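Below, chain A is the first sequence line, B the second, and so on; all start at residue 1. Since this is a predicted model, take the numbers as computed values, not measurements.
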Number of protein chains: 2
Amino acid sequence: MKIGELANATGTKVETVRYYEKIGLLTPPARTLANYRDYGSEHLARLSFIRRARDLGFTLEAVRELLTLSDNKAQSCEAVDGIARVHLTDIDRKVRDLKSLGLELSRVLGSCSNGTVAECKIIETLAPRGKAFV
Amino acid sequence: MKIGELANATGTKVETVRYYEKIGLLTPPARTLANYRDYGSEHLARLSFIRRARDLGFTLEAVRELLTLSDNKAQSCEAVDGIARVHLTDIDRKVRDLKSLGLELSRVLGSCSNGTVAECKIIETLAPRGKAFV
DNA sequence: ATGCACCCTGTAGCAACTATAGGGTCAAGT
DNA sequence: ACTTGACCCTATAGTTGCTACAGGGTGCAT
């Protein structure tokens, strides 16, 4: 498929696709006679992963790391373990944060629909954690 | 508290705190005689919210919007409703994505701990959605 | 054969930080 | 009293991750 089709299917800008190729996140695809990029379904899956991981707040470096889990079939268990473990704790935290944020938004929305404007405690849902200052 | 303490308590760089003030996300705090910024606990809560929302992949503009839910006590139900509703669907999707990503990482980790290096299907967990190209 | 929508490379601009330069403040130690 | 080190100030330049031109080629339909 052509770059515009790939971009469209993944909700990406064409320029961004070329950018990912430039920084080595996407392998350069085959070219047509007219020098157009010609992508296959593996590019589609990979780009989709990159975009959604970015949307979840992972940096490109983190994405690159996650992708090596998939790329490098014959790597040591320790490497895989290390990468996966770090990102797992990260993911757990994000799920918790998103859920409490979602709950508070639902609460505000609910009170709104029954006529009153509830006081929004949205900030408190993501209160300081860990080394809080006393 | 001083800017360094606030930054430290929220896992932020001092420069970033000043940047947020410059773009109007944080209200300018009181100053000491020596012209040092002097923050209170409301700044701590607000900055913590901003940082964690950013970490969840919300843009600064989205964060600004979420914060208005909290700031502007006397706003119309429709405005509140609109903002909350948009971000709620966003949050639901993110939770789903994070969970399947987390599951795949757990699977890889599990197979690793029992000696084998499983083939990593991490890319497939965030497969193209919606307008997939056939 | 001529639009029009798409593709190419290259470069410049924007968002959200991050680092550096050049200088002031303050508590601790000597 | 003074200096040293960790902190603060403003202002500005650099980095990351895109995004938007500029200037030109391709390809299909009218």
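- Within 4.0 Å of Ile23(A), counting heavy atoms only, lies no atom of the nucleic acid at all.
- Among residues at least two apart or in separate chains, salt bridge (Lys or Arg N to Asp or Glu O under 4.0 Å) pairs with a member in residues 27-47 of chain B are Glu21(B)-Arg37(B), Arg46(B)-Asp71(B).
- Residue Leu98(A) forms a side chain to side chain contact (heavy atoms under 4.5 Å, CB included) with just one option from Asp92(B), Asp90(B), Ile91(B), and that option is Ile91(B).
- Take Ala62(A) and apply the side-chain contact (heavy atoms from CB on, under 4.5 Å) test, not counting sequence neighbours, and it matches Phe58(A), Thr59(A), His87(A).
- Atom CG of Asn35(A) is separated from atom C1' of dT9(C) by 10 Å (rounded to the nearest Å).
- Arg64(B) pairs by the salt bridge (charged side-chain N to carboxylate O under 4.0 Å, His left out) definition with Glu61(B), not counting sequence neighbours.
- Put simply, chain A comes within 4.0 Å of DNA chain D, heavy atom to any atom, from dG17(D) to dG27(D), going 5' to 3'.
- Closest contact between the side chain of Lys22(A) and the listed nucleotides dC8(C), dT11(C), dC7(C) involves dT11(C).
- The side-chain contact (heavy atoms from CB on, under 4.5 Å) check on Ser100(A) picks up Thr125(A), Leu126(A), with sequence neighbours excluded.
- A sub-4.0 Å separation between OP1 or OP2 of dC8(C) and a side-chain N or O of Arg37(A) is present.
- Considering only residues two or more places apart in sequence or on other chains, Tyr20(B) meets the ring pair (Phe, Tyr, Trp, His ring centres under 6.0 Å) condition with none of them.
- For Arg85(B), the salt bridge (charged side-chain N to carboxylate O under 4.0 Å, His left out) partners at least two apart in sequence or on another chain are Asp81(B).
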Can you give one letter per nucleotide of nucleotides 17-28 of chain C, 5' to 3': B if a protein heavy atom sits under 4.0 Å from the base, S if only from the sugar-phosphate, - if neither?
BSBB---BBS--
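- Put simply, CE on Met1(A) is 12 Å from P on dC7(C), counting in whole angstrom units.
- For the side-chain contact (heavy atoms from CB on, under 4.5 Å) test, residues two or more places apart in sequence or in another chain that qualify with Val14(B) are Ile3(B), Ala7(B), Arg18(B).
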